[in-house]
Amino acid sequence: MDNNTIDWAARALAAQADGRAFIGGRRVASASGETFDKHSPIDGRRLGAVARGALADIDAAVASGRAAFEDGRWSRMPPAARKKVLVRLAQRMVECREELALLETLDMGKPIRDTLAADVPASARCIQWYGEAIDKVYDEIAPTGPGALALITREPMGVVGCIVPWNYPMLMASWKLGPSLAAGNSVVLKPSEKSPYTALRLAELALEAGLPEGVLNVVPGYGHEAGEALALHMDVDAIGFTGSTRVGRRMFEYAGRSNLKRVYNELGGKSANIVFADFADLDRAAATSAGSVFYNQGESCNAPTRLFVQDTIADEFVARIAKHAAAWAPGNPLDAGSPMGALVDEGQVKTVTGYIEAGRREGAKVVSGGERIHPVAGGCYVAPTVFDHVGNGMTIAREEIFGPVLSVIRFRTEDEAVAMANDSSYGLQAALWTSHLDRAHRVSRRLRAGTVHVNQYDDDDITVPFGGYKQSGNGRDKSLHALEKYTELKTTWIRLEA
Ligand code: NAD
């Protein structure tokens, strides 16, 4: 696709994007008939009307999922048959790669080069991986002795509610759908009101791939309406939530106020990235450190936004970071050459520029960026911003900004770096750069985070768990461990007569 083709196709797609809910295997308007308008952050263009799902729609979706679960059309299908459907779904996603990528880019503003090369393939791989895994997972027999046969089996839970954010709409949905569907559950998925389109399209592709009607239902709508109704629902067995720590807290409240459903939260982050002076390739460390913060407009939960640099190399390293930051200048996300796109909406621009103001006010020094820019008229763009001389107590070092803002904090000793890195309410990820093997092991053990990267930040695979310590969440997405969230553990004790 050349750039013109992308924009032309994008406009055509935007005109036909279908924002209706998907319940019981078909597209439906919301029960109330209400909709909300969805605009693209690229340039403010209207993408269409989206069903404003609420309690009645969630009730219908949960009932549809429950009926499917109880009659066993999916829950009792042999794992090898479920595998075939999920692998076909992954194939359909790859076949529809350009359409899905365009929808995602239009919806939430990330560059088309990333939705094409990363979001769609990674989402498809996730669905495929869980499909292929599910007929290779064995249950257990307990070592109880000769008088009994005690089976320990994992069973699907029933109806799983999935509530996902807008920063990786398709990927976060896939991280929930892959394991929950593979395990045999029915699902009601509530995408973010800021990015509903790819989730709705995935449900159609799943039906085409052979997923029985009613197994996957998608209800778009606002968090306090559709999201709250789903999380409070008495017939939902588990909630897989990805989003902010503020809303994740409410998920536990909803469970407590309703049926004590299982709650698995994947929440915010303020990840620490420690660069020791002994690391041999400082330019690679600088390029990766900048890229990992500015990728996806800085709207990544695991972005390493607190950069701890050893004082003896700090001036030189900050200069390198500023140089690499310049390469991330935002452009039209539909232009295949743009490394950075638009923030998701005006509200996010206001939040991010508010934090930039707070950083200045509290005495940090802007060495790059620091303002809103306008590469496309009517769009939501902020320049990649680097602050130097940040204190670990400043607002920009404590709170998740969720935009292209990097805070550089200088340290002297290893102990000081570890103490500051761990001094955060979050614990999603962390990184360290060193050429000493013993330091790499020592520091990575001391860092309180779900993933610790050593001498890299971007490497990743569906085979490893993703999730956080502390207020970054509980439970883990990805890997076989995610199956634990969407299954109940059953003991069947059979007495054997001698
Ligand atoms: P958010 O918490 O505002 O919204 C997430 C989802 O929850 C949306 O679908 C929203 O509609 C819904 N929601 C909002 N209020 C609700 C309520 N009262 N009841 C029920 N549902 C409600 O988060 P966001 O702004 O969409 O996403 C950004 C956040 O997600 C960041 O904090 C980021 O770190 C986090 N995130 C975490 C991970 C992870 O794996 N740990 C991955 C991606 C994003």
Side-chain angles (χ1 to χ4, degrees), residues 36 38 50 52-55 58 107-108 110 119 122 126 161-176 188-196 198-200 218-233 236 239-255 257-258 261 263-271 293 295-305 343-345 347-348 351-352 399-403 424-429 449-451 460 464-479 482 485:
F36 59 91
K38 179 70 187 77
V50 177
R52 184 170 171 174
L55 182 57
I58 292 293
D107 219 3
M108 52 69 67
K110 71 169 74 185
D119 294 78
C126 170
C162 300
I163 302 178
V164 293
W166 48 262
N167 62 330
Y168 290 87
M170 200 177 353
L171 190 61
M172 294 303 102
S174 299
W175 285 7
K176 308 291 183 210
V188 177
L189 170 64
K190 210 292 284 172
S192 170
E193 59 276 23
K194 299 179 186 183
S195 59
T198 48
L200 290 163
V218 181
V219 180
Y222 293 111
H224 65 282
E225 295 177 350
E228 181 169 308
L230 184 58
L232 275 173
H233 205 287
V236 168
I239 286 286
F241 174 78
T242 299
S244 61
T245 296
R246 181 184 62 80
V247 177
R249 208 178 290 282
R250 302 188 76 140
M251 293 297 142
F252 290 120
E253 293 169 17
Y254 294 140
R257 279 166 51 198
S258 55
K261 55 179 69 66
V263 171
Y264 301 107
N265 276 334
E266 303 288 343
L267 309 176
K270 193 78 196 173
S271 297
V293 168
Y295 184 78
N296 209 43
Q297 303 71 241
E299 297 165 326
S300 299
C301 53
N302 64 335
T305 49
L343 298 190
V344 72
D345 61 11
Q348 197 63 16
T351 301
V352 173
E399 297 182 15
E400 185 181 44
I401 298 174
F402 228 53
S424 168
S425 58
Y426 295 110
L428 190 53
Q429 300 201 337
T451 298
D460 193 22
V464 296
F466 187 106
Y469 285 25
K470 301 193 268 183
Q471 293 183 37
S472 287
N474 63 327
R476 294 293 182 268
D477 277 338
K478 298 169 59 199
S479 82
K485 300 197 293 190

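Not measured: the values here are computed from a predicted model. Each ligand, and each atom within it, is numbered from 1 in the order the structure gives.
- Considering backbone and side-chain N/O of N167, none are found under 3.5 Å from N/O of ligand 1.
- Distances from atom 16 (C) of ligand 1 to the heavy atoms of T351, V247, N302, L171 put V247 nearest.
- With Y254 as the aromatic partner, K261 does not meet the cation-pi criteria of under 6.0 angstrom to the ring centre and within 45 degrees of the ring axis.
- Atoms of ligand 1 found under 4.0 Å from any heavy atom of E193 (numbered from 1 in listed order, with element): 10 (C), 11 (O).
- Inclusion of W166 in the set of residues having an N or O under 3.5 Å from an N or O of ligand 1 is warranted.
- Between V464 and S479, every side-chain heavy-atom pair lies at or beyond the 4.5 Å cut-off.
- Remark: L267 CG to N474 CG distance equals 7.5 Å, nearest 0.5 Å.
- Considering backbone and side-chain N/O of V164, one or more are found under 3.5 Å from N/O of ligand 1.
- Residues K176 and T242 have side chains that bring a donor and an acceptor to within less than 3.5 angstrom of each other.
- Ligand 1 places these atoms under 4.0 Å from at least one heavy atom of E228: 19 (N), 20 (C).
- Distance check: Y264 OH to D477 CG gives 12.0 Å after rounding to the nearest 0.5 Å.
- For the pair K270 and E399, the salt-bridge criterion is not met [side-chain N within less than 4.0 Å of a carboxylate O].
- If you look at F402 next to ligand 1, the close heavy atoms, those under 4.0 Å, all belong to the side chain.
- In E400, the part holding a heavy atom less than 4.0 Å from any atom of ligand 1 is the side chain.
- For ligand 1, the polar-atom distance check against K190 finds a nitrogen or oxygen pair separated by under 3.5 Å.
- Residue contacts with ligand 1, taken as heavy atom pairs separated by less than 4.0 Å, involve T242 via backbone and side-chain atoms alike.
- Using a 4.0 Å cut-off between charged nitrogen and carboxylate oxygen, E266 and K478 do not count as a salt-bridge pair.
- Heavy-atom contacts of I163 reach the following atoms of ligand 1: 6 (C), 7 (O), 9 (O), 12 (C) (cutoff under 4.0 Å).
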Q: For the pair N302 and Q429, evaluate side-chain hydrogen bond (donor to acceptor under 3.5 Å, both in side chains) and give the outcome as yes or no after the intermediate values.
A: CA-CA 6 Å; N302 64 335; Q429 300 201 337; 3.1 Å; yes

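- Of all atoms in ligand 1, numbered sequentially from 1 with element shown, those under 4.0 Å from a heavy atom of M172 are 42 (C), 43 (C).
- At a 4.0 Å heavy-atom cut-off, ligand 1 does not touch K194 at all.
- In terms of polar-atom proximity, defined here as any N/O pair under 3.5 Å, L267 does make such a contact with ligand 1.
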Q: Decide side chain to side chain contact (heavy atoms under 4.5 Å, CB included) for V219 and V188; before the verdict, give the C-alpha distance in whole Å, the side-chain angles of both, and the deciding distance to 0.1 Å.
A: CA-CA 7 Å; V219 180; V188 177; 4.3 Å; yes

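- Here's the thing with G223: one of its N/O atoms is less than 3.5 angstrom from an N/O atom of ligand 1.
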Q.
Applying side chain to side chain contact (heavy atoms under 4.5 Å, CB included) to L343 and V352, what does each step give before you reach the verdict?
A. CA-CA 9 Å; L343 298 190; V352 173; 3.8 Å; yes

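- At least one N or O atom of S244, backbone or side chain, sits closer than 3.5 Å to an N or O atom of ligand 1.
- An N or O contact shorter than 3.5 Å is missing between T245 and ligand 1 by distance.
- In terms of protein heavy atoms, atom 36 (N) of ligand 1 is closest to C301 CB, 3.5 Å.
- A distance-only check finds no donor-acceptor pair linking the side chain of E228 to the backbone of G223 [under 3.5 Å].
- Atom-to-atom distance recorded for T451:OG1 and L428:CG is 7.0 Å, nearest 0.5 angstrom.
- When each atom of ligand 1 is checked for a heavy atom of Y254 under 4.0 Å away, the hits are 17 (C), 18 (N), 19 (N), 20 (C).
- Atom numbering of ligand 1 starts at 1 in the shown order; those under 4.0 Å from a heavy atom of F466 are 39 (C), 40 (O).
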Q: In sequence, state the C-alpha distance, the side-chain angles, and the governing distance for K194 and D107, and then conclude on side chain to side chain contact (heavy atoms under 4.5 Å, CB included).
A: CA-CA 7 Å; K194 299 179 186 183; D107 219 3; over 6 Å; no

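- Taking all heavy atoms of P165, G248, G243, S472 into account, the minimum distance to atom 35 (C) of ligand 1 is reached by G243.
- Atom 32 (O) of ligand 1 is flagged as protein-proximal [any protein heavy atom, distance under 4.0 Å].
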